[in-house]
Amino acid sequence: MTRAMFGRGIGSAAEPIPNTDMSAELASLSMPSPVLTASGCAASGRELDQFFDITKIGAIVTKSVMLRARSGRPTPRMCETPSGMLNSIGLQGPGIDEFIEVDLAWLEARGARTVVSIAGESVDEYGKLAQKLRTAGGVDAIEVNISCPNVADRNQVFACDPEMAANVIQTVRRQSDSQTPIFAKLSPDVTDIAEIARSVVRAGVDGLTVINTALGMVIDVETMRPALAGVTGGLSGPAIRPIALRCVWQIRQALPDIPILGVGGIRTGLDALQFILAGANAVSVGTMTFNDPSAPMRVHNELALALSERGFSSVSEAISYGHRGADIFEADGAGEIEPE
Amino acid sequence: MTRAMFGRGIGSAAEPIPNTDMSAELASLSMPSPVLTASGCAASGRELDQFFDITKIGAIVTKSVMLRARSGRPTPRMCETPSGMLNSIGLQGPGIDEFIEVDLAWLEARGARTVVSIAGESVDEYGKLAQKLRTAGGVDAIEVNISCPNVADRNQVFACDPEMAANVIQTVRRQSDSQTPIFAKLSPDVTDIAEIARSVVRAGVDGLTVINTALGMVIDVETMRPALAGVTGGLSGPAIRPIALRCVWQIRQALPDIPILGVGGIRTGLDALQFILAGANAVSVGTMTFNDPSAPMRVHNELALALSERGFSSVSEAISYGHRGADIFEADGAGEIEPE
Amino acid sequence: MPVQVRGEVLDVRRAGGYYVLSITAPGIPEQYRPGHFVTVGIGGEESGLILRRAFAIHQVQSRGVYGGTLDVVVGVQGKGTRWLSERGRHDTLDIVGPLGKPFILPKEGVPCVLVGGGYGSAPLFMLAEQLRERGCRVDVVLGASTEEKLYGVLDIKRVSSMLTITTEDGSSGTKGRVTDVLPDIMERNNSAVVYACGPMGMLAAVAAIAAEYRAYSQCSVEESMACGIGICMTCVLPVIGDDGITRMVRSCVEGPIFRGDLVRWDEIGTIPADALGAPALDMS
Amino acid sequence: MPVQVRGEVLDVRRAGGYYVLSITAPGIPEQYRPGHFVTVGIGGEESGLILRRAFAIHQVQSRGVYGGTLDVVVGVQGKGTRWLSERGRHDTLDIVGPLGKPFILPKEGVPCVLVGGGYGSAPLFMLAEQLRERGCRVDVVLGASTEEKLYGVLDIKRVSSMLTITTEDGSSGTKGRVTDVLPDIMERNNSAVVYACGPMGMLAAVAAIAAEYRAYSQCSVEESMACGIGICMTCVLPVIGDDGITRMVRSCVEGPIFRGDLVRWDEIGTIPADALGAPALDMS
Ligand SMILES: Cc1cc2nc3c(=O)[nH]c(=O)nc-3n(C[C@H](O)[C@H](O)[C@H](O)COP(=O)(O)OP(=O)(O)OC[C@H]3O[C@@H](n4cnc5c(N)ncnc54)[C@H](O)[C@@H]3O)c2cc1C
Ligand SMILES: Cc1cc2nc3c(=O)[nH]c(=O)nc-3n(C[C@H](O)[C@H](O)[C@H](O)COP(=O)(O)OP(=O)(O)OC[C@H]3O[C@@H](n4cnc5c(N)ncnc54)[C@H](O)[C@@H]3O)c2cc1C
Ligand SMILES: Cc1cc2nc3c(=O)[nH]c(=O)nc-3n(C[C@H](O)[C@H](O)[C@H](O)COP(=O)(O)O)c2cc1C
Ligand SMILES: Cc1cc2nc3c(=O)[nH]c(=O)nc-3n(C[C@H](O)[C@H](O)[C@H](O)COP(=O)(O)O)c2cc1C
Ligand code: FES
Ligand code: FES
């Protein structure tokens with residue numbers, strides 16, 4: 001990582017190298033592409049497999065699964081916003097047992113790499129989820145969705161508190177196969193995302209997924225009430241891309257070596273390239289898959305071209321290249337706070 | 001406020017009332033319209049006066065002024081993003097003395113209501129700015145831009161720390177004419193905006209401006225470096241509207257009586273209506289004035305029509321109407337955290 | 001299996017309050033069955049509108065100079081449908097389809113009644129044709145608030161045994177709602193199957209009438225959809241399964257056609273207390 | 001005083017690598033002076049592109065069946081200019097103008113040289129006409145990377161005393177840059193004023209040559225602009241004032257035309273250490 005960051009410039013910058021090495025690593029997970037799906041934006045891969053070969057992208061990140069079956073929130077669950085959308089699904093899903101039996105089994109049979117996203121309402125629940133996955137086949141990595149309220153503690157969101165977040169990660173780490181890389185998925189709705197990142201890294205996480213949705217709201221001007229049944233919802237899509245990119249950049253400044261999966265508003269290969277230049281080792285395409293069901297594959301292809309046009313012979317050469325010359329080890333990125 | 005919030009439904013909802021009372025109050029500031037400009041998006045009103053009569057809108061909120069002349073940041077200072085933009089101006093301005101002599105004098109002579117936005121690098125500097133304004137004519141209110149790094153304290157942004165924010169407000173309150181309402185402008189980049197709000201309210205602020213820009217970033221895929229000279233910048237425009245609206249809603253839930261000036265991505269009268277329904281007493285139109293130099297006046301007109309179509313006979317009737325039925329006094333809005 | 005294709009607009013014509021778009025969409029007509037829908041990308045790459053819009057497939061032409069083409073009937077509701085209504089010949093559109101589960105057709109020639117509310121008549125035309133081919137009697141009821149909101153009255157007449165029109169303002173046909181005339185029609189013709197497409201309220205009422213007459217009902221629902229292909233979970237409604245358990249099912253892939261007696265109409269927009277995984281853990 | 005008008009596109013025509021749009025814009029031609037620019041709203045109400053784009057006014061026609069009309073020359077750079085290039089007759093555009101400070105014209109008939117890089121020739125046509133009317137000799141130099149990027153060679157010939165072309169690839173005129181031929185022309189014609197419009201690098205070099213020949217220079221700069229009307233402070237560059245003090249001035253209202261000897265060309269993109277209010281308090 002550090003080498004890639006400072007090492008070579010872009011060799012023969014003018015000459016497009018046709019065969020860019022698109023392989024990517026996220027901790028110990030090796031993939032043929034740095035482009036993954038995003039949790040909650042691909043179900044368990046089966047539907048998207050109709051539009052492109054899901055084994056060709058990096059991995060399927062599955063919808064966050066909880067311990068028990070869950071009905072989610074009432075509708076309306078979504079609302080379009082300028083260059084984005086709000087959602088409030090409420091983690092509807094079959095529960096971990098059925099997930100392992102049906103979805104995970106299908107993914108494994110299909111030969112797709114799978115990052116299983118888990119979500120709990122208590123530290124204990126996260127631990128139980130990890131235990132269940134320990135004996136299941138086909139788990140290439142675990143993404144821990146910590147943007148959930150902790151029912152035991154005034155419903156404070158795990159991802160918004162460094163200690164609570166660390167507790168979840170410690171527990172998941174302890175209950176998981178030591179070979180399985182564990183990612184913590186961070187929320188942008190915090191004062192200092194680097195602080196949360198450092199805390200979960202200390203707790204033993206193998207990588208970070210950056211970012212989950214930002215909390216937002218729309219009021220329906222006809223009913224004159226919140227447009228979502230859940231009142232507030234998660235804002236996603238290109239609208240939040242600059243926020244997501246800033247989070248990736250800040251975390252890369254704070255933690256030069258941690259694997260980062262960049263997420264937020266990626267629509268094109270050039271968007272993905274921005275994340276990689278900012279320090280992401282791989283990226284997830286979320287909301288824009290709703291807009292274009294082949295988006296993850298298309299982004300992969302566009303990224304391959306963009307890298308080759310810029311003279312990169314591999315993805316890894318481009319990782320963090322946007323930081324070159326900057327004093328990447330300076331603490332906190334405090335130097336970049338905008339005073340407007 | 002509380003009355004307006006729970007009091008009447010919308011009288012003769014079907015009949016549009018042609019003469020909606022568009023007068024608005026922000027603490028002790030009375031205005032003929034609830035639509036204002038936003039700091040940094042209207043300079044000091046003179047340029048916009050070419051496109052509409054600036055005395056017809058609520059007030060001009062001037063570009064944040066500092067103690068001394070300031071050159072701001074190098075260019076590029078801006079970058080377009082999906083349904084938004086990033087800026088990193090660095091508070092370029094003439095300094096408070098020239099501002100009072102030239103800009104404020106012009107605004108007063110022009111007969112426009114003026115909200116003077118001030119920005120400092122230390123608590124002391126905010127105090128000095130307030131002192132200077134105390135003796136100046138034409139200051140209808142002060143908006144305290146606390147989204148500035150505190151050079152004395154590791155460049156932590158005042159708006160991101162409840163105590164630092166409160167210190168600034170206490171000082172400004174102490175140094176200002178007690179008749180002049182003081183607003184604190186809050187940043188969305190915090191874990192709990194209601195906490196900051198409560199803290200500055202305790203410190204004696206008369207109202208809150210919600211929100212300033214969100215920290216974002218873009219990487220130029222040609223230079224492969226940050227697109228802004230300032231690396232990160234403030235994200236504004238319709239992209240952040242759902243975030244701004246959520247902040248207004250959360251603060252209104254936490255503080256049913258505090259005057260709120262809602263800002264963030266307002267483009268149309270219906271957008272302004274959303275903010276008012278969410279609890280804003282008035283709104284500022286910022287970035288979209290770049291898109292349409294008559295936007296503040298147009299938004300005023302569209303809002304008047306929208307209110308009248310919905311049977312409101314005055315702006316004040318619509319304030320917080322979106323909360324009706326909800327238990328508005330419940331603490332923290334924790335109930336609305338999105339678990340996705 | 002649904003495909004994603006770049007379609008070309010061949011024609012846009014007004015029909016009452018609606019716009020009918022004919023679009024080339026190779027691969028979709030070939031797989032079409034009545035009840036299928038398509039989604040359309042809106043506004044191009046720089047648009048602030050990022051979600052696709054869903055439309056019932058109205059007609060398909062599998063052969064012809066353009067290869068497969070399809071028609072959709074668009075009512076202008078908001079920003080996306082307005083944009084679509086402004087398309088012209090030769091514009092290209094991003095089309096995904098065919099989507100959803102189609103109407104189930106009876107094996108034998110039983111009497112059927114088709115009920116369409118507003119543009120809800122759009123998917124009923126080819127359904128009527130196929131039912132007629134199977135020897136079914138096909139009664140059709142079209143209703144709308146006003147005449148302008150009726151779609152395809154003249155054309156559907158040709159494929160229906162009998163056509164009844166209702167408008168709420170009486171501007172065409174019987175003044176009232178489809179449900180005011182439906183019982184009579186069902187009674188007279190001994191209808192065995194009711195097919196319905198229209199607003200939720202209408203579907204609920206139609207399903208109730210069908211149940212009353214012990215007819216089998218198939219309702220095409222319309223829930224807000226972010227993806228249309230089953231990956232987002234925004235389009236759910238409570239439906240009773242074969243096992244008697246209510247689940248929040250995705251209307252885009254398990255619907256949009258549901259058996260009327262299995263949808264818990266009154267509880268749409270809620271999570272029924274006995275639904276699988278309920279109650280929605282309310283965080284407050 | 002600038003106005004905001006809803007203009008109608010009368011015509012879009014290709015000219016080499018550019019698009020020339022003729023637009024009705026009542027109120028703007030009437031106030032026009034060479035060097036003025038307009039801004040154009042992009043993509044309509046639902047567009048994700050929210051910033052206006054700036055274009056030099058190329059031609060105005062104050063009378064005629066359409067009232068005032070104006071022409072702009074658009075080179076496709078990115079998303080906004082692509083959208084503009086795809087407009088057609090009868091489309092409407094949101095236009096604000098005239099904006100900026102125009103070129104200053106000499107009172108007497110002195111020899112002038114006009115230098116345009118790429119589409120930078122656009123504002124020079126009417127400038128040339130007005131200079132000719134004042135009895136000035138008007139030499140014109142147009143340069144570009146390649147022939148396709150030259151704009152208006154034939155038309156400007158008519159209003160220029162002498163026209164010199166340069167292209168970097170030699171596809172038209174002298175192979176090289178405008179600055180390769182400029183000294184010669186200035187020397188030969190004793191040029192008193194140099195007007196220039198084009199990329200920053202070209203302007204800097206032209207200003208330096210003008211200074212060398214003690215000619216007065218007027219350069220039209222192009223800085224990224226969010227508003228175009230002076231309210232956002234994004235478009236600044238370091239310019240020396242009458243008082244000798246360097247300020248970061250807004251190129252949209254105090255420019256886009258600046259005296260070449262007052263712009264601190266080498267320090268564009270920085271805050272010169274001696275600028276008023278410098279140094280930029282770097283927060284790190
Ligand atoms: C299966 C199905 C078939 C449909 N068939 C037709 C048809 O044949 N003709 C027709 O005119 N309309 C049809 N609709 C409705 C059509 O999709 C909506 O009118 C349209 O999505 C509204 O988009 P808008 O941009 O005009 O409104 P906006 O208010 O801008 O829409 C905002 C968002 O909400 C969603 N939305 C709003 N209303 C609806 C709705 N009623 N149903 C689903 N999503 C909605 C939109 O998709 C969009 O994501 C169908 C909907 C579904 C689900
Ligand atoms: C005073 C002035 C006069 C101009 N006259 C002409 C002209 O006559 N013909 C012509 O083709 N172009 C002209 N330009 C440049 C034109 O404005 C840019 O090419 C255009 O803004 C780029 O927009 P885009 O959407 O293609 O690029 P994008 O990359 O999508 O633009 C992104 C953002 O950056 C801004 N931007 C990018 N490049 C420039 C630039 N060079 N100058 C200003 N803003 C920029 C855009 O305005 C937009 O806000 C002029 C610019 C200025 C400032
Ligand atoms: C409909 C929807 C459902 C989502 N569900 C989950 C989820 O279950 N778990 C999770 O970690 N993130 C979830 N997310 C967040 C995405 O994975 C992603 O982090 C976020 O949307 C930002 O990326 P995007 O802009 O590319 O969508 C969801 C997002 C959407 C839009
Ligand atoms: C170019 C620009 C400059 C700004 N300058 C200031 C400023 O000086 N002080 C301040 O408090 N806010 C400033 N803001 C923030 C706006 O006042 C407003 O809070 C924010 O942009 C969100 O509103 P909008 O989306 O309507 O622009 C600035 C915003 C922009 C786009
Ligand atoms: S619309 Fe996405 S699952 Fe149905
Ligand atoms: S472009 Fe906004 S001040 Fe010049």
Side-chain angles (χ1 to χ4, degrees), chain C residues 4-14 17-19 21-24 38-55 72-96 119 222 224-228 232 234, chain D residues 4-14 17-19 21-24 38-55 72-96 119 222 224-228 232 234:
Chain C
Q4 182 177 17
V5 294
R6 213 145 191 58
E8 185 187 330
V9 177
L10 296 180
D11 187 40
V12 183
R13 55 192 184 280
R14 289 215 57 153
Y18 301 103
Y19 295 81
L21 275 73
S22 299
I23 311 161
T24 64
V38 291
T39 59
V40 184
I42 300 293
E45 278 172 39
E46 306 310 331
S47 173
L49 305 175
I50 58 155
L51 298 179
R52 308 176 71 86
R53 305 304 199 254
F55 300 93
V72 291
V73 179
V74 178
V76 173
Q77 301 288 331
K79 298 162 179 176
T81 46
R82 179 161 337 110
W83 181 84
L84 264 181
S85 73
E86 291 162 359
R87 294 310 90 199
R89 274 180 66 94
H90 304 311
D91 283 344
T92 54
L93 292 174
D94 171 3
I95 312 278
V96 169
Y119 57 74
E222 203 182 292
S224 247
M225 291 181 178
C227 77
C232 76
T234 62
Chain D
Q4 182 177 17
V5 294
R6 218 151 186 52
E8 185 187 332
V9 177
L10 296 180
D11 187 40
V12 184
R13 55 191 183 282
R14 289 214 59 154
Y18 301 103
Y19 296 81
L21 275 73
S22 299
I23 311 161
T24 64
V38 290
T39 59
V40 184
I42 300 292
E45 278 171 40
E46 305 311 332
S47 173
L49 305 174
I50 59 155
L51 297 179
R52 309 176 71 84
R53 304 304 200 252
F55 300 94
V72 291
V73 179
V74 178
V76 173
Q77 302 287 331
K79 298 162 180 178
T81 45
R82 179 162 336 112
W83 182 84
L84 264 181
S85 73
E86 290 161 0
R87 294 310 92 200
R89 275 180 66 94
H90 305 311
D91 282 344
T92 55
L93 292 173
D94 170 3
I95 312 278
V96 169
Y119 58 74
E222 204 181 291
S224 246
M225 291 180 177
C227 78
C232 76
T234 60

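All chains are named by letter (A, B, ...) in the order of the sequence lines, taking the proteins before the strands, and each is independently numbered beginning at 1. For clarity, every value in this text was computed on a predicted model and none was experimentally measured.
- Minimum interatomic distance between C:Cys232 and C:Ala226 (heavy atoms only, all atoms of both residues): SG-CB, 3.6 Å.
- Exactly one residue among C:Leu84, C:Val74, C:Leu21 makes a side chain to side chain contact (heavy atoms under 4.5 Å, CB included) with C:Val12. That residue is C:Leu21.
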Give me a line-by-line list of donor-acceptor atom pairs from chain D to chain C that are under 3.5 Å apart, or tell me none exist.
{"unit_1": "D:Glu46", "atom_1": "O", "unit_2": "C:Gly48", "atom_2": "N", "d": "2.8"}
{"unit_1": "D:Gly48", "atom_1": "N", "unit_2": "C:Glu46", "atom_2": "O", "d": "2.8"}

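- Distance CD1/D:Ile23 to CD1/D:Ile95: 4.0 Å, rounded to 0.5 Å.
- Between D:Leu93 and the choices D:Val72, D:Val5, D:Val40, the side chain to side chain contact (heavy atoms under 4.5 Å, CB included) rule is met once, by D:Val40.
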